[in-house]
Amino acid sequence: MMMITQRQLRPRLRKKKKASFNRKYNESYIKYGFNATGDSQAPSPLCVICGDKLSNGAIKPSKLLWHLESKHPALKDKPAEFFEQKKYEQAGQKQVLTAITSTNAAALKASYIVASCIAKAKKPFTVGEELILPAAKGMCLELLGEAEANKTAQVSLSATTVSRRIGDIAEDIEAQRLERLNESPWYAIQVDKSTDVDNRALLQVYVRYIFQDDVHKDMFCALPLPTNTTGTELKFLNDYMSGKLDWSFCVGICTDGAAAMTGRLSGFTTQVKEVAPEWHSTHCVIHREMLASQKMSPDLNSILSDVVEVINHIKAKALNSHLFEQLCEEMDAEHKRLLLHTEVR
């Protein structure tokens, strides 16, 4: 039979948790070069000379004195008034740093706002530093005073800065658009090739998608084509969309019917058909109207031909355009300029 000792019968005593103890800061500790910071219930000593922050447990005259003698031995005999002055200087530096930080943040935001306005107005990047900044500084000087005018002068609007800001804005807009597209259950694109003022071939892509229970349309990208605008060169769009969008969610592609777009062997739509077999191809509505006008009755076709010939004659010379504009002004016409007729496939 097992014997039970008295030690086993004795109830086990639970170890009591040691209560946390927070030391308090005394105003007399300033003679050691320390000021209180942080929570008032558990303050931390902060050295007014070097800015070192110690733990709450270091609020002891011995530890504070050890820090002063080991880190700042040349100041150990200084009176308490000396450290009081250092405390006020430290507080002033913190306020100045906070003011400078807030001012720099406001100036940075203002720089992005101006860069966005320059991009939307399609103005040269140099207009910010040459025109906008002097004008804004002059207005602030007259209306708000010299101090506010000096703050305006801190806004960086050099040509390189504006260019960098516009690039940052473009990247942010692209990221937001891709986020919306990835959340949409499907999307459709409209593809067209164009030429800019430098005769460079561009592939312009517009996208339609669902966002917040509504259909939105945005410009997706404008990619330069290095050589000719054939179906082979249109692979650059696939390279651009790789890792950003899934072709399987594309349900429609709208084109102008050009061979580079709808070619049976190497056209753009043929290439997309391999990765998104469920999409439907449509023809641009504007081009449909032009195509329909080519098969009109001979009487109407002859009238259209005469109108096109007259328009081309007026637009061929600057003098004819000026005389036509003056004629429209005398007749109080709503429109005063003509557009050249464009043949469509």
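Hydrogens, waters and symmetry mates play no part in the numbers below; they use all other heavy atoms, side chains included.
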Let me check something: do [X] and [Y] share a hydrophobic cluster, defined by ILVMFWY side-chain heavy atoms less than 4.5 Å apart, either directly or through other members?
X: I173; Y: V162; result: no
X: I169; Y: V155; result: no
X: V251; Y: V205; result: no

*With sequence neighbours left out, what residues match E325 under salt bridge (Lys or Arg N to Asp or Glu O under 4.0 Å)?*
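With neighbours one apart ignored, the set is R337.
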Between [atom1] of [X] and [atom2] of [Y], what distance do you get to the nearest 0.5 Å?
X: K63; Y: F34; atom1: NZ; atom2: CZ; result: 11.5 Å
X: F220; Y: D218; atom1: CZ; atom2: CG; result: 10.5 Å
X: K336; Y: M331; atom1: NZ; atom2: CE; result: 12.5 Å

Could you tell me whether the side chain of [Y] reaches within less than 4.5 Å of the side chain of [X], counting heavy atoms only?
X: H335; Y: C328; result: no
X: E309; Y: H313; result: no
X: V310; Y: N312; result: no

Review item, side-chain donor-acceptor pairs of residues 106-132, under 3.5 Å, at least two apart:
unit_1	atom_1	unit_2	atom_2	d
S111	OG	S156	O	2.9
S111	OG	R165	NE	3.1
Y112	OH	D168	OD2	2.9

Do side-chain atoms of [X] reach the backbone of [Y] as a donor and acceptor pair under 3.5 angstrom?
X: T255; Y: V191; result: no
X: R180; Y: F211; result: no
X: K315; Y: L338; result: yes

Going by side-chain contact (heavy atoms from CB on, under 4.5 Å), name the residues that satisfy it together with [X], two or more places apart in sequence or in a different chain.
X: C140; answer: L144, A149, T152
X: Q190; answer: Y206, K217, C254, C284
X: P61; answer: Y29, Y32
X: Y187; answer: L181, I189, V207, Y209, M241, L245, W247, F249, C250

*asked:* Under a 3.5 Å threshold, yes or no: a donor from one side chain and an acceptor from the other, between S158 and T161?
replied: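 Note: S158 and T161 side chains meet the donor-acceptor criterion.
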*Decide side-chain contact (heavy atoms from CB on, under 4.5 Å) for Q176 and D172; before the verdict, give the C-alpha distance in whole Å, the side-chain angles of both, and the deciding distance to 0.1 Å.*
CA-CA 6 Å; Q176 294 183 34; D172 182 69; 2.7 Å; yes
*Would you please test H67 and H72 for side-chain contact (heavy atoms from CB on, under 4.5 Å) and show each step?*
CA-CA 8 Å; H67 176 90; H72 317 289; 3.9 Å; yes
_Give me the atom names and distance for the closest heavy-atom approach of S70 to P73._
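Scanning both residues completely, I find the closest heavy atoms to be O-CD, 4.1 Å.
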*So which heavy atom on L64 is nearest to which on P45, and how close?*
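So the two residues come closest at CD2-CB, 4.1 Å.
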*For atom CD of E329, is the number of surrounding heavy atoms from other residues, nucleotides or ligands below 6.0 Å larger than 12?*
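Correct, the count exceeds 12.
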